[in-house]
Amino acid sequence: MHAAHANITMAALTGQIGYPGAGTGVGDFKACWGINAVVKGMTAAKYPMISALALPEIMRTDKWKGQDYPIRSLYVYAGNPVSNQVNTNEYINDVVGNMDLYVVADYTFTDTVKYADIVLPAAHWFEQQELVPISATQCFLHSEKAIDPLYESKSDFEILKLLAAGMGHPDLIDLSEDEYMSQVVDTPGLGALGITYDAIKENEDMYWYADKPWIPWKNAEFRTESGRMEFYVENPTVQFDVGQEFDEDREHLPRYFNPTEAYEGSPTWDKYKLILLSERPRFRVHSMWSDNAYLRELDPEPTIKMNPADAEVRGIADGDYVEVYNDRGHCVARAVLNDGIRPGCMVYPKSWQQHQHKAGCWSELLTSEYDPVGVNESYFDNLVEVRVWNEE
């Protein structure tokens, strides 16, 4: 969060806001779509949104913010936490290992499916309609259903309705899919812009602003009390309240402070001298298309890029299988020597499935420690070491 705060501040100080081609990629978000609960009686206070990073501690202690809060079942959809959540071994041992019932709905066989007590066949996005609000591009998209769900698969919405009915509460979700989606859009704020659910379905997409290209804060018109770009955060708050304390003075303005782990002199520096960084590869979108056979011909296996100088002192040659490791876990991949990688760093392509590695996986290595304000995964704050892999 401090990095984003610093980037926006620099853009403002240099006049790089309010005209075409300027900015830092952070737009003017418009909080006017609905967040109405579709489940009767389930308020945010009774059923809070809990960061996945807090879940292992809750499962270990059965406590949430000092109160008893036992969780014994988990329903996973639209996600693959065993591969994509940080600190995989912690997640498997403390979260999955302490659940009485672990249910996963998916349309493909992910690593998470392997740990499920019950697997439900979810429909592909081409097999169901979808409403997508995209803040970054200031538009709503409606994706029509191309075909009916194949075999026994159903949309996530239909699965949840059937689960509620099967558990004896058919009245919990008594909306149709269109009624549910219309709640998100049919609000006074969007209605004033001429945007309705029916209009989006008819046009397939609708923009919040008629001007194209849309320019956030055009002509330096800021929606602040002063009417100016304000750098100082008067009342900083946390992204997810997990009962944590934080230094409010630190959050007023952007500043540098040491990462949790990845810096010279950190508590684990004597054991691990390489900073592990991730990159978004060309052959997938996050973890999607990880099992596409055509793309796997072009990008067949996990790799790890490292500077030749770091490789030489460790006896690693280009193309060797190496084991990257730390106290949390390990991962085996093929080494790719690259002068473009800064000495002291390693770069891995994100989102390979656990079963696609010869051993381990990248998320085993990633810390689950988090900044108390940002409360987010730290994909670039990890120290590791590497050695030639001994398969035995």
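The structure displayed is predicted, hence computed values, not measured ones.
- Other residues, nucleotides and ligands place more than 12 heavy atoms under 6.0 Å from the CZ atom of Phe257.
- Classified by interplanar angle (parallel below 30°, tilted 30° to 60°, perpendicular above 60°), the ring pair Tyr180/Phe157 is parallel.
- Across every non-hydrogen atom of Asn89 and Gly329, the tightest pair is ND2-CA, 3.9 Å.
- Here OH of Tyr370 is found 11.0 Å from OG1 of Thr260. Values are rounded to the nearest 0.5 Å.
- Geometrically, Lys358 engages Tyr321 in a cation-pi contact defined by less than 6.0 Å to the ring centre and at most 45° from the axis.
- Judged as a salt bridge (charged side-chain N to carboxylate O under 4.0 Å, His left out), the pairs with a partner in residues 254-270 (not counting sequence neighbours) are, in order, Glu261-Arg328.
- Between Asp310 and Lys305, no side-chain nitrogen of the basic residue sits less than 4.0 Å from a carboxylate oxygen of the acidic one, so the salt-bridge criterion is not met.
- Residue Leu150 shares its hydrophobic cluster (ILVMFWY side chains chained together at separations under 4.5 Å) with Ile147, Tyr151.
- A 4.5 Å side-chain heavy-atom check between Ile92 and Val82 finds at least one atom pair inside the cut-off.
- By the 4.5 Å heavy-atom criterion applied to side chains, His2 and Arg250 are counted as neighbours.
- Under the salt bridge (charged side-chain N to carboxylate O under 4.0 Å, His left out) criterion, the residue pairs touching residues 102-125 are Asp111-Lys114, with sequence neighbours excluded.
- For the side chain to side chain donor-acceptor pair (under 3.5 Å) with Glu385, the lone residue among His330, Lys271, Arg314 that qualifies is Arg314.
- To the nearest 0.5 Å, the span separating SG on Cys361 from NE2 on His355 amounts to 11.5 Å.
- Residue pairs that meet the side-chain hydrogen bond (donor to acceptor under 3.5 Å, both in side chains) test with at least one member in residues 235-244, sequence neighbours left out, are Lys65-Asp241.
- Within the structure, salt bridge (charged side-chain N to carboxylate O under 4.0 Å, His left out) pairs that include any residue of residues 329-352 comprise Glu301-Arg334 (at least two apart or interchain).
- A side chain to side chain donor-acceptor pair (under 3.5 Å) with Ser368 is found for one member of Glu57, Glu90, Gln85 and no other, namely Glu90.
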Going through the distances and angles, do His142 and Glu130 end up as a side-chain hydrogen bond (donor to acceptor under 3.5 Å, both in side chains)? CA-CA 6 Å; His142 181 264; Glu130 185 63 275; over 6 Å; no
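- Under the side chain to side chain contact (heavy atoms under 4.5 Å, CB included) criterion, His252 pairs with Tyr232, Pro236, Glu248, Asp249, sequence neighbours left out.
- Under the side chain to side chain contact (heavy atoms under 4.5 Å, CB included) criterion, Val96 pairs with Tyr91, Tyr102, Tyr115, not counting sequence neighbours.
- If you run side chain to side chain donor-acceptor pair (under 3.5 Å) between Arg60 and each of Asp94, Asn98, Asn93, only Asp94 comes through.
- Put simply, CG on Leu101 and CD1 on Ile71 are 13.5 Å apart, with the number rounded to the nearest 0.5 Å.
- When every heavy atom of Thr187 is checked against every heavy atom of Val184, the shortest pair comes out as CG2-O, 4.1 Å.
- The CG atom of Asp318 sits 10.5 Å away from atom CE of Met306, with the distance rounded to the nearest 0.5 Å.
- Glu152 is linked by a side chain to side chain contact (heavy atoms under 4.5 Å, CB included) to Pro121, counting only residues two or more places apart in sequence or in another chain.
- A cation-pi arrangement is absent between Arg228 and Phe222, since the terminal nitrogen or guanidinium carbon is not both under 6.0 Å from the aromatic centre and inside a 45° cone about the axis.
- Within the 4.5 Å cutoff, no side-chain heavy atoms of Tyr348 are placed close to those of Glu279.
- There is no side-chain donor-acceptor pair under 3.5 Å between Tyr69 and Asp62.
- In this structure, the separation between OH on Tyr379 and CG on Leu365 is 13.5 Å, given to the nearest 0.5 Å.
- Distance CZ/Arg284 to NE2/His286: 12.0 Å, rounded to 0.5 Å.
- Between His357 and Val332 there is no side-chain heavy-atom pair separated by less than 4.5 Å.
- Remark: Pro170 pairs with Ala165 by the side chain to side chain contact (heavy atoms under 4.5 Å, CB included) rule, at least two apart or across chains.
- Applying the ring-ring contact (aromatic ring centres under 6.0 Å, His included) rule to His124 yields the partners Tyr107, Phe126; only residues at least two apart in sequence or on another chain are considered.
- Within the structure, salt bridge (charged side-chain N to carboxylate O under 4.0 Å, His left out) pairs that include any residue of residues 289-298 comprise Arg296-Asp299 (at least two apart or interchain).
- Here side-chain hydrogen bond (donor to acceptor under 3.5 Å, both in side chains) pairs that include residues 155-165, with residues two or more places apart or in two chains, are Ser155-Glu177.
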